[in-house]
Novice: 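Take a look at this one; I'll ask things after.
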Protein chains: 2
Amino acid sequence: MSPVACAACPLRKRTIFTPFTAEEVVFMQKFKVGELSVDRGTTILMEGSNSPQLYTVLRGQGIRYKTLENGRRQVINFLFPGDFAGLQAGLMGEMKHSVEASSDMVLCVFDRGELWQMFRAQPGRAYDLTWISAVEEHFLGETIASLGQRDATQRVAWALLRMYERLSAVGLAVEGAVPLPFRQQDLADALGLSLVHTNKTLARLRELQLLNWRDGRLHIPARSELAKLALVDLEKPEIRPLM
Amino acid sequence: MSPVACAACPLRKRTIFTPFTAEEVVFMQKFKVGELSVDRGTTILMEGSNSPQLYTVLRGQGIRYKTLENGRRQVINFLFPGDFAGLQAGLMGEMKHSVEASSDMVLCVFDRGELWQMFRAQPGRAYDLTWISAVEEHFLGETIASLGQRDATQRVAWALLRMYERLSAVGLAVEGAVPLPFRQQDLADALGLSLVHTNKTLARLRELQLLNWRDGRLHIPARSELAKLALVDLEKPEIRPLM
DNA sequence: CGTGCCATTGATTCTAATCAATAAAAGTGG
DNA sequence: CCACTTTTATTGATTAGAATCAATGGCACG
């Protein structure tokens, strides 16, 4: 498929993203050096590597994870359309986690070498990038709070509700369901739970009619019920910039 | 005490921080609008508030935490000399966590209104700010991995070792010990453990002669032993900018 | 000298991990 | 297209690590 022009970017229309000026669209079009299409299962960025590229997810979903000395894997978070990846390598010289595609994906590719130029010539875009980073920090803080303070049921409810809301915000909800290509093992590794316990917890939430995740689709019949259980405030979604 | 001139900043000499150019020192001196001295126990930033100020910790230590719907508290991380605070309010309009002083503290104060000016006039400093944010993201990712994949003993060892290294890097180690003003409850809330279990875990690590935290001082007799237990790679410290 | 905060220790309970086995799908190669 | 392997999901039985409950001691402070 031919690359999506920034002027016609389907994500930019979504209200969770802050608007671009015409000038910014022009700049981003220059900044964008191409598109990367990968199959499900592909490693896009590798922990410890020093990728020359930065990415914005255009289509598909993935995971960010890191591996500990003892071999255990922690999924840091999930990657959805509109998410930015590769900043760590861009600024700190190497990735501190890996990124893998959980479905087929398409990513906008930016040249890391141009990053400094962006800071000089486009302070507005630089500001937005910092903002993106601050939003990311915020979400990681939420995750820490979940792992530290929520029990298994609340954690699973919290994670799936969050993903449901995020995917809805980029227009992927169809009849109360969103596509969710992850494995139960991925969720377990994200929440610090064993696979077995995650499975049993999902079964319980399904019994309670609070959610139904099967065949790669997540159905949530009653958002607010699930939100109550998950101790989530169904606030208006966090508005943030898109890169 | 009279304010510290940026030119004479004691932190800037530390090798964990990237060097400033002479021009940057001049700019920071203008950007710095004053100093804030607070007593132990003071709330510096409040979750949900929209502070007009940004801070860099000059002296003392604190905690960042958030409170869940169920009243439980999660300590997101600890604040040490050189750490930057308030960016979330600066960019997203409100703080997503609170910041409290765990010892008496002195902070450099910057005017949030000047932030945008910094992005326009000092792309290098803007770049550094994004870098700081990326480093923060990295550490939060590490924390997530700890909460998700390490058991109680490893978590306590990991956290205390990390704090020891960080405090050493800013010159606070004296005879194998660093000042650590936190309560056991703070550590418990940071690691997602109960106070009782944290206390018992500390006692066990003390028996093993791996660490000794008492009277506000943390002694670590054999760093590498503790690192092995904590599954920590005693790499060279992460170099990062100072704001 | 009482009150409150923080640290410590023992006893008990329970959530989630581990172990084990099977079922259901999805690829793979001849 | 069908045997065969691999991956992913499900369920039951047992164990273990950490939470909760409960009580005490040491200190600082008004």
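Proteins get letters first, then strands, A, B, ... in listed order; numbering begins at 1 in each.
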Novice: Whole angstrom is fine here: how far is it from CZ in Arg204(A) over to P in dG12(D)?
Specialist: 13 Å

Novice: Take the protein atom CG of Asp39(B) and the nucleotide atom P of dC29(D), then report the distance between them rounded to whole Å.
Specialist: 13 Å

Novice: Among dA18(D), dA17(C), dG12(D), which nucleotide sits nearest the side chain of Ser194(A)?
Specialist: dA17(C)

Novice: Please state whether the base of dG12(D) and the side chain of Lys200(A) form at least one donor-acceptor pair under 3.5 Å?
Specialist: yes

Novice: Find the distance Leu195(A):CG to dA21(C):C1' and express it as a whole number of Å.
Specialist: 14 Å

Novice: Nearest-nucleotide wise, let me know which of Ala203(B) and Arg40(B) is further upstream toward the 5' end of DNA chain C.
Specialist: Arg40(B)

Novice: Under 4.0 Å, heavy atoms only, any strand: does Gly41(A) hit a base, just the sugar-phosphate, or nothing?
Specialist: nothing

Novice: Measure the distance from CG on Asp186(A) to P on dA9(D) and round it to the nearest whole Å.
Specialist: 8 Å

Novice: Shortest non-hydrogen contact from Trp213(B) to Phe182(B)?
Specialist: CZ2-O, 3.1 Å

Novice: Which nucleotide wins on minimum distance to the side chain of Val196(B), given the candidates dT20(D), dA18(D), dT18(C)?
Specialist: dT20(D)

Novice: By a strict heavy-atom criterion of less than 4.0 Å, which residues belonging to residues 176-185 of chain A are in contact with DNA chain C?
Specialist: none

Novice: Any side-chain N or O of Asn199(B) under 4.0 Å from OP1/OP2 of dA7(C)?
Specialist: no

Novice: Okay, side chain of Gln74(A), backbone of Thr67(A): is any donor-acceptor separation there less than 3.5 Å?
Specialist: no

Novice: Whole-Å distance between dT8(C) C1' and Glu207(B) CD?
Specialist: 13 Å

Novice: Give the minimum heavy-atom separation between Cys9(A) and Leu242(A), together with the two atoms involved.
Specialist: SG-CD2, 4.4 Å

Novice: Can you give me the closest heavy-atom contact between Met163(A) and Leu180(A), atom names plus distance?
Specialist: SD-CD1, 3.9 Å

Novice: Select base, sugar-phosphate, or nothing to describe what Gly192(B) touches, counting heavy atoms under 4.0 Å on all strands.
Specialist: sugar-phosphate

Novice: Could you identify which residues of residues 146-156 of chain A place a heavy atom less than 4.0 Å from some atom of DNA chain D, listed by residue number, or say none?
Specialist: none

Novice: Do Gln149(B) and Asn70(A) pair up side chain to side chain, a donor and an acceptor below 3.5 Å, judged on atom types alone?
Specialist: no

Novice: Taking Arg155(B) for its side chain and Arg150(B) for its backbone only, find out whether a donor-acceptor pair lies under 3.5 Å.
Specialist: yes

Novice: Identify which one of Asn199(B), Val156(B), Asp151(B) satisfies the side-chain contact (heavy atoms from CB on, under 4.5 Å) criterion when paired with Leu193(B).
Specialist: Val156(B)

Novice: Whole angstrom is fine here: how far is it from NE2 in His197(A) over to C1' in dA20(C)?
Specialist: 18 Å

Novice: Can you see which heavy atom on Leu172(B) is nearest to which on Pro179(B), and at what distance?
Specialist: O-CD, 3.4 Å

Novice: Taking for each residue the nucleotide of DNA chain C with the nearest heavy atom, is it Arg214(A) or Leu193(A) whose nucleotide lies nearer the 5' end?
Specialist: Leu193(A)

Novice: Between dT8(D) atom C1' and Asp215(A) atom CG, what is the distance in whole Å?
Specialist: 12 Å

Novice: Using a 4.0 Å heavy-atom cut-off, does Leu202(A) contact any base of the nucleic acid, only the sugar-phosphate backbone, or nothing at all?
Specialist: nothing

Novice: Can you confirm whether more than 12 heavy atoms, excluding those of Met92(A), are under 6.0 Å from its CE atom?
Specialist: yes

Novice: Is it the case that more than 12 heavy atoms not belonging to Glu235(A) sit under 6.0 Å from its CD atom?
Specialist: yes

